[in-house]
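Structure record follows, encoded as structure tokens.
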Amino acid sequence: MTDQTDPKAYPKLAAGPPDFPALELEVLDYWAADDTFRASIENRDGATEYVFYDGPPFANGLPHYGHLLTGPAM
């Protein structure tokens, strides 16, 4: 269990409803300071390349209106 009195402790306890834009900026600032993206690339140096595709084929048959609803959420 983390010590919640430490200001850098994660996960942080919410003091009220979340302020998602502020949380996103906090995470982006951390990633920039930590150089997370560069480190993630270096960790995969020499590894087999893989790609994620967003789209067909669909597990439950042909595309339908329900697929359009979830697309923007991704």
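Nothing here was measured: the structure is a model prediction, and the numbers come from that model.
- Residues passing the salt bridge (charged side-chain N to carboxylate O under 4.0 Å, His left out) test with Glu42 are Arg38, sequence neighbours excluded.
- Distance check, rounded to the nearest 0.5 Å: CG of Asn43 to OG1 of Thr36 gives 10.5 Å.
- There is a path of hydrophobic side-chain contacts, each under 4.5 Å, that joins Tyr30 to Leu28.
- Side chains of Glu26 and Trp31 form no contact here, defined as non-hydrogen atoms less than 4.5 Å apart.
- Shown here are the ring pair (Phe, Tyr, Trp, His ring centres under 6.0 Å) partners of Phe20, two or more places apart in sequence or in another chain: there are none.
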